[in-house]
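One-based numbering, in listed order, for ligands and for the atoms of each.
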Amino acid sequence: MSDTGPRLLVALDYQNTEQCLNLVQQLNPADCRLKIGKELFTAVGPSIVESVQKLGFDVFLDLKFHDIPNTVAGAVSSAAGLGVWMTNVHALGGERMMVAAREALAAFQQKPLLIAVTVLTSMDASDLAGIGIQEQPEQVVTRLASLAKQSGMDGIVCSAVEAAQMKSIQGAEFLTITPGIRPASAAQGDQRRVVTPEQAMQNGSDYIVVGRPITQAENPAEACAAIAASIQGL
Ligand code: C5P
């Protein structure tokens with residue numbers, strides 16, 4: 001991978017600007033990039049993107065767009081207008097939606113990386129059956145990852161457990177962004193299939209997403225720097 005920037009993405013799961021910036025001010029843009037999701041973005045709006053960019057951080061805008069192609073193209077274009085480094089859509093929106101999202105970025109010189117979510121890890125086989133999908137989650141993930149690649153996406157969000165398999169099927173250049181990461185010393189919380197930062201990188205993750213082990217740490221700056229150091233050069 002040619003990117004020499006930080007491969008640690010810190011999830012800013014907050015509902016107000018003050019708490020969020022209080023954390024961000026303790027972090028070093030040389031150690032991490034920041035993930036802004038639906039909770040924070042809906043609560044405080046796009047100004048938070050600009051605020052953290054001004055502090056020197058790249059932003060992954062994790063809004064998982066899923067709508068008709070024209071609307072998703074507009075949303076992705078708005079994200080690019082904010083100057084974000086990465087954004088994402090749901091692969092379940094289908095090929096035409098993903099292609100429209102890709103085409104919407106053609107006009108931008110600074111294009112965000114465009115990532116697809118396959119199957120939410122909160123969904124199991126019975127949830128899929130409930131929406132009329134009879135396959136196992138792993139089969140659906142593999143199929144949607146292929147569709148995402150075919151539709152011009154730069155990569156997918158997946159479990160670090162699946163990253164090596166995704167790379168072997170889709171090729172090394174297809175990016176894998178992996179949440180569910182816990183340093184050996186951290187609490188597991190509500191995550192189930194957790195992987196350590198080192199293990200995730202060894203499995204072929206390009207970027208690891210870490211939230212609470214940093215945001216809830218007694219010393220977030222130290223926790224962030226320690227994880228960044230642990231994956232340096234992997
Ligand atoms: O605090 P924690 O490290 O569990 O946060 C992980 C972040 O990654 C959260 O923002 C969560 O919404 C997100 N995420 C996840 N699992 C997925 C997709 C996204 O935990 N499959």
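Within the 4.5 Å cutoff, the side chain of L234 has heavy atoms near those of the Q202 side chain. Taking the side chain as every heavy atom from C-beta outward, T178 and C158 approach each other to under 4.5 Å. L8 places a side-chain heavy atom less than 4.5 Å from the side chain of I214.
The ring-ring contact (aromatic ring centres under 6.0 Å, His included) analysis of residues 145-190, with sequence neighbours excluded, yields no pairs. Applying the side-chain hydrogen bond (donor to acceptor under 3.5 Å, both in side chains) test to residues at least two apart or on different chains, the pairs with a partner in residues 212-232 are D190-R212, N219-E222.
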Would you mind listing each N/O atom of ligand 1 next to any protein N/O under 3.5 Å, plus the distance?
unit_1: ligand 1; atom_1: 1 (O); unit_2: R212; atom_2: N; d: 2.7
unit_1: ligand 1; atom_1: 1 (O); unit_2: R212; atom_2: NE; d: 2.7
unit_1: ligand 1; atom_1: 3 (O); unit_2: R182; atom_2: NH1; d: 2.9
unit_1: ligand 1; atom_1: 3 (O); unit_2: G211; atom_2: N; d: 2.8
unit_1: ligand 1; atom_1: 4 (O); unit_2: R182; atom_2: NH2; d: 2.8
unit_1: ligand 1; atom_1: 4 (O); unit_2: Q191; atom_2: NE2; d: 2.9
unit_1: ligand 1; atom_1: 4 (O); unit_2: R212; atom_2: NH2; d: 2.8
unit_1: ligand 1; atom_1: 10 (O); unit_2: D13; atom_2: OD1; d: 3.4
unit_1: ligand 1; atom_1: 10 (O); unit_2: D13; atom_2: OD2; d: 2.8
unit_1: ligand 1; atom_1: 10 (O); unit_2: K35; atom_2: NZ; d: 2.9
unit_1: ligand 1; atom_1: 20 (O); unit_2: Q191; atom_2: NE2; d: 2.7
unit_1: ligand 1; atom_1: 21 (N); unit_2: T121; atom_2: OG1; d: 2.6

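Evaluation of the side-chain contact (heavy atoms from CB on, under 4.5 Å) rule for T142 yields M166, I169 as partners, not counting sequence neighbours.
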